[in-house]
There are 4 protein chains.
Amino acid sequence: MKTKDKIIHTSLKLFNERGERQITTNHIAAELGISPGNLYYHFSNKQEIIRSIFDLYVAQLESSFRPHADQRLSLEHLTQYLDASFELMWRFRFMYANLLELLARDAELEQKYQALQLELANWSRDILFQLRESRFLSGDDATMAELADSVKFIIGAWIGYQSAQLKGGEITKPRLYQGVLKILFTLRPYFTDESQNIYQDLHQHYVKCAERSE
Amino acid sequence: MKTKDKIIHTSLKLFNERGERQITTNHIAAELGISPGNLYYHFSNKQEIIRSIFDLYVAQLESSFRPHADQRLSLEHLTQYLDASFELMWRFRFMYANLLELLARDAELEQKYQALQLELANWSRDILFQLRESRFLSGDDATMAELADSVKFIIGAWIGYQSAQLKGGEITKPRLYQGVLKILFTLRPYFTDESQNIYQDLHQHYVKCAERSE
Amino acid sequence: MKTKDKIIHTSLKLFNERGERQITTNHIAAELGISPGNLYYHFSNKQEIIRSIFDLYVAQLESSFRPHADQRLSLEHLTQYLDASFELMWRFRFMYANLLELLARDAELEQKYQALQLELANWSRDILFQLRESRFLSGDDATMAELADSVKFIIGAWIGYQSAQLKGGEITKPRLYQGVLKILFTLRPYFTDESQNIYQDLHQHYVKCAERSE
Amino acid sequence: MKTKDKIIHTSLKLFNERGERQITTNHIAAELGISPGNLYYHFSNKQEIIRSIFDLYVAQLESSFRPHADQRLSLEHLTQYLDASFELMWRFRFMYANLLELLARDAELEQKYQALQLELANWSRDILFQLRESRFLSGDDATMAELADSVKFIIGAWIGYQSAQLKGGEITKPRLYQGVLKILFTLRPYFTDESQNIYQDLHQHYVKCAERSE
DNA sequence: AATGAATGAGGTTTCATTCAT
DNA sequence: CATGAATGAAACCTCATTCAT
């Protein structure tokens, strides 16, 4: 791994652990055992590191969520989506802890972020529509759209919400799975009669995940 | 209003407008037209101002949500609760937007916050149970409890989520009312048949609020 | 006791306990339960409090040391002098911890202090000469004068020296009596043959004092 | 000389000249023509500068006084010791003048200082015993030990005592040499008959030093 | 006598960033 | 690529002192 990548990953790690505000560029350099000058050789300022982390985030997001064209969704796909979502939120949790500040300081980042959100909104709507087509869910277009937004909201907000409830902000995997359960609970009234058993299976699966050594 | 209170309210205003991180103690003093020394006469450091704002928040929250014993809920009560949620989110939006950082930096605040959350969880469950008794909602105990948690989650997480979607990061009242709509949408499947018209009234009311000058 | 006197004595106490530098005028007022404004009603600045403490010191010093004219010194007188000296050093120990800074900041105080030192030098020389006349000690004038200066030096420096050796700077009475023993040791070679037993008595007396619960 | 060392030496100079309390970190930086940030690049706070000066002091003290095993002492050695004492007092006079405040503010420094004092006590006793073996001095073990303590006391306390006697608080070299003379005076009764001339030589030498431009 | 809010200069420290090597 | 000393603006905070009441 090149120094530039090491800087990105170490920064991400430190930001997640202690918050972007408390981590100075010197901290990052020290953690890596490089000089601050070297850090600034690779990045012209701290904001650029954050932008690179954001790019990483976008890349992972796109690879996980871009819907595969006209594909019938199976149960497996759904769990994949949910797992991938929370994986993502977990990996970039510092961003969600301070999104407002982060974006306020960097117009370029803000624009990128908001474009991404629009895309995401589309994808999640697409997924919900596919789930309806596959007769997992039922509901009119408006309801499905609103439901898609709810799911997107839960995914985006869960970690921040949970971290705040926990001493030291330390979140555990089981706590993450409770977020998946929250999504299931929100979808539940819209599950079709014929897919009730599928709902039960999913629910039981994630209850188990959420119970592990909590 | 005493200087001490002026400091609290001016700080809250500035924090909401421009973010806690960008507002220095000198900014606050300058905005008030007092000397920095005077500010430090009333508060021994910046963190203490934040704590006082938090106390204000707790006070408003308690006065809005502490359930009145064995009370039959009317439509008015429901709007009161929803409006109160909205008011809180709006008035203390910087806190919602920066919660994790604020708690990470101040163990005392974290403890207070988490104690408050436990209380809030009880209150919101009580309110949901009351709504069921008043035949607005229906569902078994577990469902009502989960629903209560969903509502609490939406209130607690809405600003962090929304503020990041907005150009310039500015949170507007209409966007907040969309949070109220999100709550309604989440409750919707559990509204009883006899209260469907009530749901409609509420929905229309808040749709209007959310549309204003958006 | 009037407020003015209370301020002086409380300041002396706090200065001794924690050092003049660390004690602000607000600390003094708080300890007394009065307002800072009131403190400044009685003293126009912090330095004036210090000057008043110094006046107290001078008064106690003069009452203890001004030699009684043409009086033959007995053993009792000597012990009285020594005991009084250390009592004094103990009571005003903060002054000795920072004499240089104290005087550097206040020309008036410096002048007073130096005048006092000259007087003291005379008194201690007078006492030594009287002791020689009383045949306790022997030695030529120059030796007696130098010896007087040594005694004065030990008295003035002992507490500061001892405090520095002890954890937390806390000095005990037994440690003070070791200072008296140091004076005796310095005088010892000049005790006359006929007063050797007197030396022994004194020595034993202060050894006992110095041993108590050390 | 590196910047770090320059900071130490400039601080020492300024502290000696005007007192540690009056010298701010900005003063030090300005005197050196560097930025305050640079000073804090080399030292994390003012106290650390003081600690480094203390380390310098310890180093010089050790190199001057650590006794050479089974060595016969000549007159030269004696003057070396006395001159070294004088040099130490002069070079680190601000420390001697402010010892109690310095130690009161810094527990780590206090511990180091007190450990050093124990070592010093041993060294000074060793030196005195060597002087007796070399027939400069005579006296039983207890007397030599007490004498060693007296010498240590004079070195440790002289500046605090003398600095306060002087107009303007300025410590001058001649005044310090009087401290050496005070040591000699204290040792005098214990010089052997055969080394009386050595005493005379030493005395005359330091009288001359003490008289220069007093 | 006494209050206590208010002042403001100035102290210590931080940190993103630069630049000669 | 890399170093690490250096910068300087600005943050937080202190405290002796003042003054209207």
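Within every chain, numbering begins at 1; the chains are lettered A, B, ... in the order of the sequence lines, protein sequences first and strands thereafter.
Of the candidates A:His27, A:His9, A:Lys6, A:Lys6 is the only one forming a side chain to side chain contact (heavy atoms under 4.5 Å, CB included) with A:Leu32.
The NZ atom of D:Lys2 sits 13 Å away from the C1' atom of F:dT3 (whole-angstrom rounding). Straight-line distance from the CG atom of B:Leu39 to the P atom of E:dG8: 14 Å, rounded to whole Å. D:Tyr41 has its OH atom 15 Å from the C1' atom of E:dT14, to the nearest Å. Taking atom NZ on B:Lys46 and atom C1' on F:dC12, their separation rounds to 9 Å, with Å as the unit. Atom CD1 of C:Ile49 and atom P of F:dC15 are 15 Å apart (whole Å). F:dA2 atom P lies 11 Å from atom CG of A:Leu32, rounded to whole Å.
With hydrogens and angles disregarded, no donor-acceptor distance shorter than 3.5 Å links the side chain of A:Glu110 to the backbone of A:Ala104. When atom types are taken as modelled, the side chain of D:Lys46 and the backbone of D:Ile23 share a donor-acceptor pair closer than 3.5 angstrom. The main-chain N or O of C:Leu88 is never found under 3.5 Å from a side-chain atom of C:Arg91 such that the two would form a donor-acceptor pair. Under the 3.5 Å distance criterion, the side-chain polar atoms of D:Glu101 are left unmatched by any main-chain donor or acceptor of C:Ala97.
Comparing atom distances between the B:Ser35 side chain and each of E:dA16, E:dA6, F:dA16 picks out E:dA6 as nearest. Ranking F:dA16, F:dA6, F:dA2 by closeness to the A:Thr3 side chain, first place goes to F:dA2.
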Can you name the atoms? Protein N/O to nucleotides 18-21 of chain F N/O, anything below 3.5 Å, with the distance.
none

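Of the nucleotides present, F:dT21 is the one that pairs with E:dA2 by Watson-Crick or G-U wobble criteria, both distances under 3.5 Å.
Annotation: side chain of C:Arg105 is in contact with side chain of D:Arg21 (closest heavy-atom distance under 4.5 Å).
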CA sep, side-chain torsions, deciding dist, call: A:Ile7, A:Ile34, side-chain contact (heavy atoms from CB on, under 4.5 Å): CA-CA 10 Å; A:Ile7 293 171; A:Ile34 67 172; 4.1 Å; yes

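Of the residues near DNA chain E, B:His42 and A:Gln47, the one whose nearest nucleotide (by heavy atom distance) lies more toward the 5' end is B:His42.
Looking at residues 14-30 of chain D, you'll see D:Thr24, D:Thr25, D:Asn26 sit with a heavy atom under 4.0 Å from some atom of DNA chain E. Near DNA chain E, defined here as any heavy-atom distance below 4.0 Å, there are no residues from residues 5-13 of chain A.
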